[in-house]
> 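This is the structure, below, for whatever I ask next.
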Amino acid sequence: MKITILYGTETGNAEGLANDAGTRLKSMGYSVEVHGMEDYEEAVMLKSCGVLLVVTSTWGDGEPPSNAESLYLSLKDSSEDLSDIQYAVYALGDETFDRFCQAGKDFDQFLNRCGAKRLLPIRTCGDDYDSDFPEWLDELIPLLSK
């Protein structure tokens with residue numbers, strides 16, 4: 001089974017976490033690809049992802065990072081059938097903002113609306129992602145099949 005990890009980032013935090021997850025999953029024998037969301041600009045492109053892990057930050061007042069804008073807008077208005085996809089979303093944000101982790105929440109909602117199957121409820125995280133992300137991955141791994 002193929003696992004695709006897509007990251008949306010402005011400062012590199014989500015990219016670093018996505019790459020860490022990719023390295024860990026590869027070491028366990030999974031077939032993994034890690035990409036910036038700019039490599040997947042259309043919702044239809046997600047059909048080839050296998051299991052999809054989304055790691056994204058939120059920028060400004062709840063907007064997606066700039067490298068995630070095209071995919072975000074495509075998914076927002078999409079009626080694409082993504083029922084063959086299983087996914088999980090890890091969202092980073094600043095807890096002082098009213099729209100904390102909104103981009104991640106939106107990606108989760110868009111994927112679910114298109115029929116993708118959620119492996120885990122969305123995980124939102126502030127500054128403690130260095131300790132929280134490995135815990136999320138630990139919860140996710142038993143749900144994956146090789």
Side-chain angles (χ1 to χ4, degrees), residues 1-26 30-130 132-141 143-145:
M1 157 133 346
K2 176 181 165 186
I3 299 172
T4 304
I5 303 172
L6 296 182
Y7 61 84
T9 192
E10 285 291 340
T11 63
N13 293 334
E15 179 180 5
L17 293 176
N19 284 320
D20 290 349
T23 299
R24 182 167 173 203
L25 291 169
K26 283 177 188 176
Y30 290 99
S31 172
V32 181
E33 293 182 6
V34 180
H35 296 276
M37 288 188 189
E38 69 274 12
D39 294 341
Y40 285 75
E41 295 185 342
E42 299 290 329
V44 68
M45 297 174 77
L46 298 177
K47 288 184 170 213
S48 65
C49 286
V51 172
L52 174 63
L53 306 182
V54 173
V55 182
T56 188
S57 60
T58 295
W59 195 247
D61 188 30
E63 290 91 31
S66 57
N67 78 315
E69 285 179 21
S70 293
L71 180 59
Y72 180 94
L73 293 173
S74 177
L75 268 173
K76 179 180 180 182
D77 298 324
S78 181
S79 59
E80 197 67 49
D81 178 9
L82 299 177
S83 59
D84 290 337
I85 301 288
Q86 294 181 308
Y87 77 96
V89 176
Y90 189 88
L92 297 151
D94 184 331
E95 294 168 302
T96 63
F97 285 85
D98 289 338
R99 296 179 50 125
F100 172 64
C101 291
Q102 189 61 50
K105 292 173 184 176
D106 290 345
F107 274 111
D108 181 66
Q109 176 190 349
F110 301 159
L111 288 164
N112 185 261
R113 188 193 68 239
C114 289
K117 294 167 189 71
R118 198 181 279 126
L119 289 167
L120 284 175
I122 183 175
R123 175 77 63 94
T124 58
C125 189
D127 291 337
D128 61 342
Y129 59 84
D130 282 332
D132 188 69
F133 187 77
E135 291 174 10
W136 176 77
L137 203 52
D138 287 343
E139 290 177 37
L140 181 64
I141 288 170
L143 305 175
L144 304 172
S145 28

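These numbers were taken from a predicted model, which means no experiment stands behind them. What you see below is based on every heavy atom in this structure, not just the backbone, and it leaves out hydrogens, waters and symmetry mates.
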> For a 4.5 angstrom cut-off between non-hydrogen side-chain atoms, does Thr4 reach Tyr40?
yes

> With the threshold set at 4.0 Å, does a side-chain nitrogen-carboxylate oxygen contact exist between Asp106 and Lys76?
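Salt bridge: no.
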
> Can you give me the closest heavy-atom contact between Pro134 and Tyr129, atom names plus distance?
CD-O, 3.9 Å

> Does Leu52 reach the side chain of Leu46, with side-chain heavy atoms less than 4.5 Å apart?
yes

> Excluding sequence neighbours, so at least two apart, what forms side chain to side chain donor-acceptor pair (under 3.5 Å) with Arg24?
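Arg24: side chain to side chain donor-acceptor pair (under 3.5 Å) contacts with Asp138.
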
> Under a 4.5 Å cut-off applied to non-hydrogen side-chain atoms, are Asp132 and Arg123 in contact?
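Side chain of Asp132 against side chain of Arg123, heavy atoms only: contact under 4.5 Å found.
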
> With a 4.5 Å heavy-atom cut-off, do Met37 and Val54 have their side chains touching?
yes

> Hydrogens and angles aside, do Asn19 and Tyr7 bring a side-chain donor and acceptor to less than 3.5 Å of each other?
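Short answer, no.
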
> State, to 0.1 Å, how close Leu17 and Phe133 come at their nearest heavy-atom pair, and which atoms those are.
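Closest approach of Leu17 to Phe133: O-CE2, 3.3 Å.
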
> Report yes if the side chains of Ser66 and Glu10 come closer than 4.5 Å at any heavy-atom pair, otherwise no.
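Yes - at least one pair of side-chain heavy atoms lies under 4.5 Å apart.
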
> Compare every heavy atom of Ala91 with every heavy atom of Cys101, then report the nearest pair and how far apart it is.
SG-O, 3.4 Å

> Can you give me the closest heavy-atom contact between Gly126 and Leu92, atom names plus distance?
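Taking every non-hydrogen atom into account, O-CD2, 4.5 Å.
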
